[in-house]
A.B. asks: 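I'd like to ask you about the structure that follows.
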Amino acid sequence: MLRVMSRRGDDRVTWDEQKVVTGDLEAIAAVKEAERIFAQERAKGATAFRVETGKPIQRIDQFDATAEQIVMVPRVVGG
């Protein structure tokens, strides 16, 4: 799951990794959309974190379709 934090809460894109492996077109399209959103948000300065149950949260710079959850936090601009 890719979660992008925003003023509205969070937007989510989900996919089933097993279906991706078996070639399910809908699952593959969801991964491609998540990867596109990841790149778009990183270009805007967002920070991405890999969240796995029972493991410490890890900052990441590359999209990982095998992650249990990727949480993207937009850049905070002060003023």
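Computed over heavy atoms, backbone and side chain alike; hydrogens, waters and symmetry mates excluded.
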A.B. asks: Indicate yes or no for a side-chain donor-acceptor contact from Trp15 to the backbone of Ala65 under 3.5 Å, with no hydrogens or angles considered.
C.D. replies: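 Side chain of Trp15 to backbone of Ala65, a donor-acceptor pair under 3.5 Å: yes, one is there.
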A.B. asks: Filter on salt bridge (Lys or Arg N to Asp or Glu O under 4.0 Å), then keep only pairs touching residues 63-75, sequence neighbours left out; what's left?
C.D. replies: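 Counting only pairs at least two positions apart or across chains, the salt bridge (Lys or Arg N to Asp or Glu O under 4.0 Å) contacts touching residues 63-75 are Arg50-Asp64.
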A.B. asks: Salt-bridged, Lys44 to Glu41, with N to O below 4.0 Å?
C.D. replies: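 Result for this pair is yes, salt bridge flagged.
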A.B. asks: Indicate, with yes or no, if Val13 and Phe38 share a hydrophobic cluster defined by side-chain heavy-atom contacts under 4.5 Å among Ile, Leu, Val, Met, Phe, Trp and Tyr.
C.D. replies: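 Yes: a chain of side-chain contacts under 4.5 Å links Phe38 to Val13.
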A.B. asks: Quick check for you: to the nearest 0.5 Å, what is the distance between Glu26 atom CD and Asp16 atom CG?
C.D. replies: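 So the gap between those two atoms works out to 10.5 Å.
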A.B. asks: Quick check: closest heavy atoms across Ile70 and Ala48, and the distance to 0.1 Å?
C.D. replies: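 Looks like CG2-CB, 4.3 Å.
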A.B. asks: Does Ile28 share a hydrophobic cluster with Met1, counting links as ILVMFWY side-chain heavy atoms below 4.5 Å and allowing steps through other members?
C.D. replies: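 Unlinked, Ile28 and Met1 end up in two clusters.
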A.B. asks: Taking all non-hydrogen atoms of both residues into account, name the closest pair between Thr47 and Arg59 and its distance.
C.D. replies: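 For Thr47 versus Arg59, the nearest heavy atoms are CG2-NE, 3.4 Å.
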A.B. asks: Going by atom type alone, with no hydrogens or angles, which donor-acceptor pairs under 3.5 Å involve a side-chain atom of residues 2-12 and a protein atom two or more places apart or on another chain?
C.D. replies:
from: Arg3; atom 1: NE; to: Asp10; atom 2: OD2; distance (Å): 2.6
from: Arg3; atom 1: NH1; to: Gln69; atom 2: OE1; distance (Å): 2.9
from: Arg3; atom 1: NH2; to: Asp10; atom 2: OD2; distance (Å): 2.8
from: Ser6; atom 1: OG; to: Arg8; atom 2: N; distance (Å): 3.3
from: Arg8; atom 1: NH2; to: Asp11; atom 2: OD1; distance (Å): 3.4
from: Arg8; atom 1: NH2; to: Asp11; atom 2: OD2; distance (Å): 2.5
from: Asp10; atom 1: OD2; to: Arg12; atom 2: NE; distance (Å): 3.1
from: Asp10; atom 1: OD2; to: Arg12; atom 2: NH2; distance (Å): 3.4

A.B. asks: Does Gln58 reach the side chain of Phe49, with side-chain heavy atoms less than 4.5 Å apart?
C.D. replies: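 Side chain of Gln58 against side chain of Phe49, heavy atoms only: no contact under 4.5 Å found.
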A.B. asks: Where do Thr66 and Glu52 come nearest, in terms of heavy atoms and distance?
C.D. replies: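 That would be O-OE2, 4.3 Å.
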A.B. asks: I'd like to check Phe63 versus Ile37 (side-chain heavy atoms, cut-off strictly below 4.5 Å). Are they in contact?
C.D. replies: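 No, too far: nothing below the 4.5 Å cut-off.
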A.B. asks: Side-chain heavy atoms under 4.5 angstrom apart, residues restricted to Ile, Leu, Val, Met, Phe, Trp, Tyr: same cluster for Ile60 and Val51?
C.D. replies: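 No, it is not one cluster - the side chains of Ile60 and Val51 are not joined through contacts under 4.5 Å.
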